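Comments concern the structure below.
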2 protein chains.
Amino acid sequence: MKISTKGRYGLKAMIDIAVYATENQTSLKNIALRQDISEAYLEQLIASLKKAGLVKSTRGAKGGYVLALPPEEIKIGTVLRVLEGSLSPVDCQKNGCHENCDCCVSKTVWSRLEESLNDAADAITLQELAQDYIKVNNIQR
Amino acid sequence: MKISTKGRYGLKAMIDIAVYATENQTSLKNIALRQDISEAYLEQLIASLKKAGLVKSTRGAKGGYVLALPPEEIKIGTVLRVLEGSLSPVDCQKNGCHENCDCCVSKTVWSRLEESLNDAADAITLQELAQDYIKVNNIQR
DNA sequence: TTAATTCCAACTAAATTAGTTGGAATTAAA
DNA sequence: TTTAATTCCAACTAATTTAGTTGGAATTAA
């Protein structure tokens, strides 16, 4: 029941973009350096975030990434669902799913857990985390 | 962010024991058969449940398992924490943990997620799931 | 034209999860 | 007192997923 590096690194990257790409876009390279993440790996994660419409890119020299929305409109739940696939604690889309499959009697458990995770994550915005980051790391703007 | 087979199978086994080990204990073999789980694998999971004091065993012929507590006193959160290690979405016990590690600025996210998971899972008892199981599977007693 | 960048697909390595094997110890019942 | 059914234990292997790498094409500012 762990968030993988996709979720962890991807969220860090979103915070980084929120903090550093205010005037200008910021490059993958710089995000990776500041956040201490493998550049090539992070590239994959940012690709998902882009596909999901959370960040925008410009290509070529001086290119980079910016948030596609104001940070107060980006819920952490949205970010994590994009990166992790979903926050559902089980996959049960079998069409032959009957009453004794893993998910069925315990379905009430999994759906309540998922709902509570979604609610908790959707109650936090990127704005809040970016502000914490600025404070904690004493960033001048 | 998935519950593994440990959590899924282990919870099924707990429900099975709650349902079938009322008068007599029920054997690993029968639990595994009814729940369609590898017997040898389930053995490992039940060992954790036993170690955690959730089930009791008797050895030898006609031996088997029973719940160590009444099912209304067993929270699903307890069962899942035993089987999955914890419901925390991250491991961050590094002692050199500083402000830019994966967990720190996002710490508020992970701790809120963990809390909401624990609360949701602790609000459900084994009793409830066992009753659902009996109903859904039309079990005569 | 060059250097810096995003974008893309396929590959490899590492770690975790899932499951197996073999056998010792215990106990009820024939 | 033997046998069969069972729990208990430790180590091994297989499968899957996660994490990360590689190589290069396309784009663009300077």
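So that the names make sense, note that chain A is the first sequence line, chain B the second, and so on, each numbered from 1. As the structure is a computational prediction, the values presented were derived from the model and not from experiment.
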[N] phosphate, OP1 or OP2: any side-chain N/O from [X] under 4.0 angstrom?
X	N	result
A:T58	D:dT28	no
A:K50	C:dT6	no
A:T5	D:dA19	yes

If you only use heavy atoms from C-beta on, which nucleotide in [options] is closest to the side chain of [X]?
X	options	result
A:Y41	D:dT7, C:dT5, D:dG20	D:dG20
A:S57	C:dC7, C:dT5, C:dT20	C:dC7
B:K6	C:dA18, D:dA19, D:dG20	C:dA18
B:Y9	C:dG19, C:dC7, D:dT22	C:dG19
A:Y65	C:dT6, D:dT21, D:dC9	C:dT6
A:S4	D:dT18, D:dT6, D:dC8	D:dT18
B:S27	C:dT27, D:dT6, D:dA19	D:dT6
A:S38	D:dG20, C:dC7, C:dG19	D:dG20

Expressed as a whole number of angstroms, how long is the span from [X]:[atom1] to [N]:[atom2]?
X	N	atom1	atom2	result
B:I37	C:dT20	CD1	P	12 Å
B:N24	D:dT6	CG	C1'	15 Å
B:L45	C:dT20	CG	C1'	14 Å
A:E43	C:dA9	CD	P	12 Å
B:R8	C:dA18	CZ	C1'	11 Å
B:D91	D:dA19	CG	P	12 Å
B:E84	C:dT17	CD	P	8 Å
B:K2	C:dA18	NZ	C1'	17 Å

Would you classify B:L28 as touching base, sugar-phosphate or nothing, given that sugar-phosphate means primed atoms plus P, OP1 and OP2, and contacts are heavy atoms under 4.0 Å?
sugar-phosphate

Answer with yes or no whether [X] presents, from its side chain, a donor or acceptor under 3.5 Å of a partner atom in the base of [N].
X	N	value
B:R59	C:dT26	no
B:Q44	C:dT17	no
A:Q25	C:dT6	no

5'-most contact on DNA chain C (nearest-nucleotide basis), A:K29 vs A:M1, goes to A:K29

Exercise for the section: Starting from the C-alpha separation in whole Å, work towards a yes-or-no answer on side chain to side chain contact (heavy atoms under 4.5 Å, CB included) for A:Y65 and A:L49. Expected result: CA-CA 11 Å; A:Y65 298 92; A:L49 294 169; over 6 Å; no

When both distances are under 3.5 Å in a Watson-Crick or G-U wobble arrangement, the nucleotide paired with D:dT28 is C:dA3

C:dG19 -> Watson-Crick or G-U wobble partner, both distances under 3.5 Å, gives D:dC12

Given side chains that start at C-beta, do those of A:I15 and B:S106 come closer than 4.5 Å, heavy atoms only?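 Yes - at least one pair of side-chain heavy atoms lies under 4.5 Å apart.
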
So do the side chains of B:K2 and A:S86 get within less than 4.5 Å of each other, counting heavy atoms only?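 Heavy-atom side-chain distance check passes, below 4.5 Å.
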
| said: With side chain to side chain contact (heavy atoms under 4.5 Å, CB included) as the criterion, how do A:T108 and B:E128 come out once you've worked through the C-alpha distance, each side chain's angles and the decisive distance to 0.1 Å? | reply: CA-CA 10 Å; A:T108 172; B:E128 298 171 53; over 6 Å; no

query = Taking it one step at a time, do A:R34 and A:T26 satisfy side chain to side chain contact (heavy atoms under 4.5 Å, CB included)?
reply = CA-CA 11 Å; A:R34 279 188 298 256; A:T26 191; 2.8 Å; yes

- prompt: Does a side-chain N-to-carboxylate-O contact under 4.0 Å join B:K107 and A:D132?
  reply: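 Result for this pair is no, no salt bridge flagged.
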
Practice task
Would you kindly compare A:K62 and A:I3 by the position of their nearest DNA chain D nucleotide and give the one closer to the 5′ end?
Solution key: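 The residue mapped nearer the 5' terminus is A:I3.
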
If you round to the nearest 0.5 Å, how far is CG of A:N24 from NZ of A:K62?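 Answer for the NZ-CG pair, A:K62 versus A:N24, is 8.5 Å.
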
